[in-house]
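Just below is one structure, and these are the notes that go with it.
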Amino acid sequence: MLADSHCHLNYKGMAERQGEILDRARGAGVTAMLNISTRESEWDDVVATAEREPDVWASIGIHPHEADQHPHVDTARLVARAAHPRVVGIGESGLDYFYDHSDRDRQQASFRAHIAASRETGLPIIVHTRDAEEDTLAIMEDEMGKGAYSGVIHCFTASGAFADAAMALGLYISISGIVTFKNAKDLQETALRLPIERLLIETDAPFLAPVPHRGKTGEPAFVADTARFLASLRNEDYQKLTEHTAENFLNLFGKAAR
């Protein structure tokens with residue numbers, strides 16, 4: 001059992017080869033994939049893939065890079081589209097101050113709208129955060145005070161302290177192929193001590209292909225390589241780690257388990 005908790009199967013270069021990419025993932029033992037949307041124009045295609053493929057699920061959301069271009073996407077719009085039976089998560093949403101492709105106030109407003117949609121639907125929010133730990137945590141804590149919601153910090157690269165604070169709020173931590181990189185010592189130290197009950201694995205395909213695939217286009221099959229690295233790093237049995245993280249995926253994205 002292997003679950004890729006975050007991939008982009010409808011991105012250019014992936015959509016054209018989707019069939020062969022899915023075949024390779026299944027051959028590698030991947031049993032569930034969450035196909036993530038980043039802008040409204042992707043929603044129909046992302047959902048259509050999930051309708052067509054029984055082991056693929058969909059999210060509905062707006063990436064922080066796209067926040068300026070989607071001022072009309074509010075909580076109600078997210079909630080309405082998330083009612084589809086193949087949609088199991090809200091996002092990805094969050095804050096990205098590294099690139100600042102969208103105004104920071106607009107990013108924050110969009111993030112709050114997504115959290116509200118998560119709270120209203122009961123679906124977990126998929127959180128993107130880069131160079132924005134303080135504001136991301138402040139918003140998550142403030143919104144948790146308005147009512148509980150669930151979620152995951154995807155492609156985790158933040159500090160160990162941020163991981164602890166996110167888990168204290170009840171969120172999961174998803175580790176990508178970055179953990180296999182030689183210069184990822186801080187991330188490896190955090191991944192080593194994450195409780196198995198809060199751990200997910202992802203590819204973020206087509207990005208961030210893990211060792212030994214660095215430089216290649218990422219795809220869900222490569223989640224097995226990240227899992228092997230994590231099992232070795234944590235001195236855990238590979239089969240047990242993959243089964244536990246797949247169970248975590250279904251626990252978090254409960255709609256996928258129905």
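Since this is a predicted model, take the numbers as computed values, not measurements. All residue numbers in this chain count up from 1 along the given sequence.
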Should the pair [X]-[Y] be classified as a salt bridge under the 4.0 Å nitrogen-to-oxygen rule?
X      : Y      : value
Glu51  : Arg86  : no
Glu189 : Arg193 : no
Arg26  : Glu53  : yes
Asp225 : Arg214 : no

Item checked: Candidate list Asp68, Ile139, Asp100, test side chain to side chain contact (heavy atoms under 4.5 Å, CB included), partner Gln107, passing option -> Asp100

Next item on the list: Test Leu9 against every option in Asn35, Ile36, Asp45 by the side chain to side chain contact (heavy atoms under 4.5 Å, CB included) rule and name the one that passes.
Entry: Asn35

Determine whether the side chains of [X] and [Y] contain a donor N or O and an acceptor N or O closer than 3.5 Å.
X      : Y      : result
Thr49  : Asn10  : yes
Asp96  : His128 : yes
His70  : Glu40  : no
Arg52  : Gln18  : yes
Asp204 : His8   : yes
Thr129 : Glu133 : no
Glu92  : Ser59  : no

For the backbone of [Y] and the side chain of [X], can you confirm whether one donor and one acceptor N or O come within less than 3.5 Å of each other?
X      : Y      : result
Ser5   : Ile201 : yes
Thr242 : Tyr238 : yes
Glu141 : Thr136 : no
Ser102 : Pro64  : yes
Arg39  : Glu66  : no
Arg17  : Gly13  : yes

Item checked: Thr190/Phe156 under side-chain contact (heavy atoms from CB on, under 4.5 Å): CA gap, chis, key distance, verdict -> CA-CA 10 Å; Thr190 300; Phe156 188 86; 4.0 Å; yes

Could you report the tightest heavy-atom contact between [X] and [Y], atom names first, then the distance?
X      : Y      : value
Pro124 : Val88  : CD-O, 3.4 Å
Leu199 : Tyr172 : N-CD2, 4.3 Å
Met33  : Ala25  : SD-CB, 4.0 Å
Ala256 : Trp57  : O-CZ2, 3.3 Å
Phe222 : Thr203 : C-CG2, 4.1 Å
Val30  : Asp4   : CG1-N, 4.3 Å

Linking I/L/V/M/F/W/Y whenever their side-chain heavy atoms sit closer than 4.5 Å, directly or via other members, would [X] and [Y] fall into one cluster?
X      : Y      : answer
Phe207 : Leu200 : no
Ile126 : Val47  : no
Val87  : Val79  : no
Leu34  : Leu208 : no
Val73  : Phe111 : no

Notebook entry, point to check: Hey, does the Lys NZ or Arg CZ of Arg119 hover above the aromatic six-ring of Tyr149, less than 6.0 Å from the centre and inside 45° of the axis?
Noted result: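 No, cation not above the ring by the 6.0 Å, 45° rule.
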
Note to self: Both conditions, 6.0 Å and 45 degrees, for the charged tip of Arg104 above the ring of Tyr97: are they met here?
What the structure shows: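 Judged by the rule, Arg104 and Tyr97 form a cation-pi pair.
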
Margin query: Checking Lys240 against Glu243 for the salt bridge (charged side-chain N to carboxylate O under 4.0 Å, His left out) test, could you report, in this order, the C-alpha distance in whole Å, the side-chain angles of both residues, the deciding distance, and whether it holds?
Written below: CA-CA 5 Å; Lys240 288 184 178 179; Glu243 289 179 357; over 6 Å; no

Note to self: Using side-chain contact (heavy atoms from CB on, under 4.5 Å), reason through Glu202 and Cys155 one step at a time and then give a plain yes or no.
What the structure shows: CA-CA 7 Å; Glu202 68 173 85; Cys155 191; 3.7 Å; yes

Note to self: Applying the salt bridge (Lys or Arg N to Asp or Glu O under 4.0 Å) criterion to Arg112, which one of Asp74, Asp142, Asp105, Asp135 satisfies it?
What the structure shows: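 Only one of Asp74, Asp142, Asp105, Asp135 forms a salt bridge (Lys or Arg N to Asp or Glu O under 4.0 Å) with Arg112, namely Asp142.
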
Checklist line | Value rounded to 0.5 Å, distance of NE2 in His244 from CG in Asn248 | finding: 5.0 Å

Next item on the list: State the CD1-OG1 distance between Ile175 and Thr245, to the nearest 0.5 angstrom.
Entry: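 It is 11.5 Å, given to the nearest 0.5 Å.
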
Any side-chain heavy-atom pair from [X] and [Y] closer than 4.5 angstrom?
X      : Y      : value
Thr121 : Ile90  : yes
Ile153 : Met140 : yes
Leu187 : Ile178 : yes
Leu250 : Glu247 : no

Next item on the list: Report the C-alpha separation of His114 and Ile125 in whole Å, then their side-chain angles, then the decisive distance to 0.1 Å, and conclude whether the side-chain contact (heavy atoms from CB on, under 4.5 Å) test is met.
Entry: CA-CA 7 Å; His114 281 72; Ile125 185 168; 3.6 Å; yes

Note to self: Checking Ile196 against Arg234 for the side-chain contact (heavy atoms from CB on, under 4.5 Å) test, could you report, in this order, the C-alpha distance in whole Å, the side-chain angles of both residues, the deciding distance, and whether it holds?
What the structure shows: CA-CA 10 Å; Ile196 189 67; Arg234 294 164 59 92; 3.8 Å; yes

